[in-house]
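Okay, structure first, notes after.
Throughout, numbering of the chain's residues begins at 1 and tracks the sequence. The structure displayed is predicted, hence computed values, not measured ones. As the structure lists them, so they are numbered: ligands from 1, and atoms in each ligand from 1.
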Amino acid sequence: MSFRRLVFLGTGAGLPSPTRNVSSYLLQFDDNQTFLFDCGEGTQRQFFLSGSDGVKAVTEKLGCGSARVSLNSIARIFITHLHGDHVFGLPGLLLTLSTQWLSQRKGKGDLSTRPSNSSVNVGEAAGSFPFEPFSETSEFLEIAGPVGIAAYLRTCLSASGATHLGFRYRCTELHDIAAPLIENSLPPPNSASAAPLHMSEAPTVALGFNEGEELWSLDSGGGSHVKIHAAKLQHRILCFGYAVQEAPRAPKLNSALALALGAKGAQLGELRRGVSVVVEGGDGCSIGSEKEGTCAVRIITPEEVLGEPPPIRTALLLGDSVDASSESKVGKPCAFLRWPPARQASVLVHECTFCDAEEELAAPKGHSTARQAGKLARELNVRRLVLTHCSQRYQPRTSGEEGLAATERLEKEAREEFLPPKGDQHAHGEGPLVRCVEDFESVDLSFP
Ligand SMILES: [Zn+2]
Ligand SMILES: [Zn+2]
């Protein structure tokens, strides 16, 4: 699973407006699976709108291609914190996911055998739905978030008469205590958590942080080899940022060299998988003969024909936070600053609720300015900084001159702090290093 892109469904802070929905975005992988980060009110409608002509017109204007995304592509859900603008859309989204799954299964059989169709949504085109319907042995839809997320969902679903879903879900709750992983245990954050499990809920996993690291290590699940860590952020309630490390990628085979050495057909695949092969003669013989080039057989080892494995990339996806840089006078430096894989991360997604002129509002409300986001981006030496969670006073760039000016101002203030390493400006593929995004905008992450 390698990063493909981020798709932003909601980029506004606090409450929805006609031009920005509240927080939600997707990290999309090359196998079309996506991780959903936050799910503010109206997120599922943003999913449905993502394929519309109106949205296409906007994304064409932004030059970022189609933003079309599908609910069915969601493999995991991560909630940064329980403020309404990040979580009020989640119960409804689960119900729609359940309805879609049940009707598709009833009408068309298992989605994994459904013919793919290039005109359908990206997630549907993948041809599989990751969760089996309600069964004791099935995989769960994993939902990670701060302690309280399980009780929140249980209460919303049960109180609204949604007695069961088409699949089982399981919450992993991040606790702000130095405690080992405790399976099947839910220390009650409040009275609601004492309610019995929802019909479709697997017992909650309670997770404390790794002592010394101040990071929470989440199980990647499903054998995907993606690694996920969380770090606490300073906000008005318990809030987290997530680091997603993609799975190791296979090194590239130098096919021309392998062929020149005598490898044929299926042997190329074996070399790709790291297996040595025996070939007849060929250039550079090293066994079976004293004289180079005259032997009958030769062994080609993977080391001879495989390049270096590509580096494992990291995406840093932060929730609401006061200035988390080490220079912060108002907040606590983010634990990712002390965690080596966060350095040179492919992308840092950071809130930018305010600009310099409103800086005095930021810390008391638990938020940051674009400049403060730029400082953290510089300290982490990330490859790209994406600004989101903008105060609704800042219109998006496609809304007109005022929006364009506001967006450029936020980007400029962040850029003044986040100066990329000299000469590195063009090493990241196409696209700007600092981008203040709007709804339906996507950010390419397919660069090396
Ligand atoms: Zn928020
Ligand atoms: Zn918040």
Strictly under 2.8 Å, is the Zn ion (ligand 1) approached by any N, O or S atom of D85? yes

Validation row: T80, D320 side chains within 4.5 angstrom (heavy atoms): no

SB check K56 E60 (cutoff 4.0 Å): no

Is it true that some N/O/S atom of H86, main chain or side chain, lies under 2.8 Å from the Zn ion (ligand 1)? yes

Mind reading off the angle at the Zn ion (ligand 2) between the OD2 atom of D320 and the NE2 atom of H81, rounded to 10°? 90°

Measuring to the Zn ion (ligand 2), does H83 have an N/O/S atom at a distance below 2.8 Å? yes

Pair H367 and H235, ring centroids less than 6.0 Å apart: yes

Does the plane of the ring in W339 sit parallel, tilted or perpendicular to the ring in F336? Use 30° and 60° as the thresholds. tilted

